[in-house]
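We count residues from 1, following the sequence as given. As a basis for the values below, the full set of heavy atoms in this structure was taken, side chains included, without hydrogen atoms, waters or symmetry mates. Keep in mind that what you see is a predicted model, and the values were worked out from it rather than measured. When a ligand or atom number is given, it counts from 1 through the structure's own listing order.
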Amino acid sequence: MKKIFFLFIVSLLICSNIIAEDGYRLWLRYDKINNPALLAQYKKNIQAIAIKGTSPTLDIIRTELKNGLSGLLDSEIKITGNAGSNAGVWICKVADLPGGDNNKEIAEQLGKEGYKIFSKISGGKKVIVICANTDIGLLYGTFNFLRLLQTNQSIENVNTSSVPKLNLRMLNHWDNLNRVVERGYAGFSIWNWHTLPGYIDPRYIDYARANASIGINAVSLTNVNANATILTKSYLEKVKALADVFRPYGIKIFLTARFSAPIELGKLSTADPLNDSVQNWWNNKVKEIYSLIPDFGGFLVKANSEGQPGPQDYKRTHADGANMLANAVAPYKGIIIWRAFVYAAENPVDRHKQAYDDFVPLDGKFKRNVMVQVKNGAIDFMPREPFHPLFGAMPKTPLMMEFQVTQEYLGQATNWVYLAPLYKEVLNSDTYCKGKGSTVAKVIDGSIDGHTLNGMTGVSNIGNDINWCGHPIAQANWYCLGRLEWDYDLSSEQIADEWLRMSFTNDAAFLQSVKTVMLQSREIMVDYMNPLGLHHIMGTGHHYGPAPWISNLNRPEWNPVYYHKADSIGIGFNRTSTGSNALAQYFPEARKQWEDINTCDEKYLLWFQHVAWDHKMKSGRTLWNELCKKYYSGVDSVVWMKNEWLKQKNKIDEQRFNQVKMLLDIQIDEAKWWRNACLLYFQTFSKMPIPASYEQPDKTLEYYKSLRFPFAPGN
Ligand code: GCW
């Protein structure tokens, strides 16, 4: 009897969708293809796979294919070493391609990391060739091949090649050594420093697989608010263990360098970058690092920003500081990534202007192995920011893009916000630095100014939660970062489509509905949090929820009132020539879209203009009514998101369906909270009613002001 009951439960689990899906597998799930025609096509084409040669990376390719194909095709595929055999798929170096005809051309086109997948006839038999110049290129090609299957593409006649547009495709962890992740909403750091180097958590390998599958080739392990301990011998041995795991996946390690380390670890009396003993200390430290990790990437540095030590402590410039470290890593081909996220409490100038003021005069003064890493906007990863005016303003310096993947200001891990549209909006913005078409993307890929160092990074949203990123949908943001780092011309839609197919299902109705939600989710969040160019009006410290009323913090630019400047006349930060004139930092053509209050792109209106409450908007509404409209439609749209999600009930696994459903309920509550708190507060200035047709706030402003979150994560 017991046995029958057991069998009944097992068959129930197998036949229905209720097999637990905890999200651990990310987009590399490799479940059986459930389209019989495609499955037959794949099986026919992939009878065996030939891979020539041995290396750690080639072994990884073999394992990934074995696991991937046995899942996707539900049968064991033979992997051989001989391309001439019966194999339907060959994985080989361009140099080993038979024929030799146009191989030279292909080799040149693919470079170090590119790959090509094509069908050809060999000995009267059709084969699919995956080729590249390097093992890493073959690994990228293999992941692309698996993706074709995962996303149900035909492989009857493949012909595709891909070369990354950026050389350095990075992820920055803000992980502290005690495993608390600054601005992390998915648990603790995945780096278990205590058990390293002896214990290699299998998760490190899965992390590397996930990164390699989207082309990420560099990671900075530690918080930019750096702790010098990472540079001590015992910690460097731990770092070496991770470097050894990541190397065959093509991933280089960077560390954050605390500028005062020579004092803290070296017992020197100074960290002055122009002091010889300081330079020597770093030279020796770097030598030690490279003796353990010969392909160490270099240092990522936050200096003289938010209390971090830096060269300005010694009246030296950022260039002096960066160059001193650049000297140390140069013999090993290392690079220094120096962050431009700087602003100072003592500086009364609009915070928007400070990084530009500090860095533009230094253009041309950095060593050749220094990159300056610039956040996408001049304030701080807001739901919507105009692009940072430094892009295009430092032609002699390679600028690296820094996006934020972790949703510090974007609903943290409770809000569904797909970030590709935000990233694309910035990358496609025209700086006009060399005339029309000088997009941010072309500035950072180095093509405008002829830089060979180029790259993009994102602040990771990864933690030790079973599903890595907290919100199941937040995995899409890790995914889209990597995909855009590889090719910033991919569309948000294509990336969402791939990710949904691989992470959930190829079901057409599911894709149609959920993709629409994905693509709109960021704009919806802007509407219920920061419409019309509002920014930096979140809670203090933890940055969770709204608190536009805060005005008592020590540093002026930490207070939300500094940014919205609401008064009896209107709201918004005048950054035109009659205000802070931050606009002057943009090229004239770019400036044009924002400088006139009547023609200013309304998405950025309150970013650049102080606007009267009764100002007439393009819709014909007053500014106040437009603000109400945005906040209310933001909330309504989250309700719509939830309704779309409810339709997916039987299309996907129950576990993630329920998880997202519950999170959407939280998101609805949080959206209402933002709407009510902000409108009630701004109403104390506008003195105008929330139009009667809208559901009125059910709590008072005092109630919203009284809310406290002492243990909110990430702080
Ligand atoms: O946005 C702010 C964050 C800080 C962060 C800083 C930075 C790592 O609130 O937590 O510090 O930016 O980017 O350096």
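- Protein heavy atom closest to atom 1 (O) of ligand 1, with residue, atom name and distance, is D380 OD2, 2.3 Å.
- With contacts defined as side-chain heavy-atom distances shorter than 4.5 Å, the pair T256/L300 qualifies.
- Of the protein's non-hydrogen atoms, the one nearest atom 14 (O) of ligand 1 is K302 NZ, 2.6 Å.
- Contacts with ligand 1 closer than 4.0 Å are made by side-chain heavy atoms of W174 only, the backbone lying farther away.
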Decide yes or no on salt bridge (Lys or Arg N to Asp or Glu O under 4.0 Å) for R522 and E425, but give the supporting numbers first. CA-CA 11 Å; R522 184 274 185 134; E425 180 175 282; 3.0 Å; yes
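- Between N225 and ligand 1, at least one N/O pair is under 3.5 Å apart.
- With contacts defined as side-chain heavy-atom distances shorter than 4.5 Å, the pair H173/V181 does not qualify.
- At least one test fails for K565 against the ring of Y563: distance under 6.0 Å to the centre or angle within 45° of the axis.
- The closest approach between any non-hydrogen atom of E408 and ligand 1 is below 4.0 Å.
- Closest to atom 10 (O) of ligand 1 among all protein heavy atoms lies E182 OE2, 2.4 Å.
- For the ligand labelled ligand 1, residue Q308 lies outside the 4.0 Å heavy-atom shell.
- N275 has its side chain out of reach of Y314: every pair of non-hydrogen atoms, C-beta onward, lies at least 4.5 Å apart.
- Centroid-to-centroid, the aromatic rings of Y204 and F246 stay 6.0 Å apart or farther.
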With salt bridge (Lys or Arg N to Asp or Glu O under 4.0 Å) as the criterion, how do E523 and R384 come out once you've worked through the C-alpha distance, each side chain's angles and the decisive distance to 0.1 Å? CA-CA 9 Å; E523 202 61 45; R384 168 166 280 126; 2.8 Å; yes
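- In plain terms, the two heavy atoms of M401 and V440 that are nearest each other are CE-CG1, 3.5 Å.
- Nearest protein heavy-atom contact of atom 12 (O) of ligand 1 is K375 NZ, 3.1 Å.
- Close approach of ligand 1 to Y409 is summarised as follows: ligand atoms under 4.0 Å from at least one heavy atom of the residue are 1 (O), 2 (C), 9 (O).
- The closest approach between F341 and ligand 1 falls below 4.0 Å for a heavy atom of the residue.
- Remark: ligand 1 atoms within the under-4.0 Å shell around heavy atoms of H543 are 9 (O).
- Residue R183 approaches ligand 1 through these ligand atoms, each under 4.0 Å from one of its heavy atoms: 3 (C), 4 (C), 9 (O), 10 (O).
- The six-membered or imidazole ring of H564 lies away from that of F573, with a centre-to-centre distance of 6.0 Å or more.
- Summary of contacts: the protein heavy atom closest to atom 6 (C) of ligand 1 is E306 OE1, 3.2 Å.
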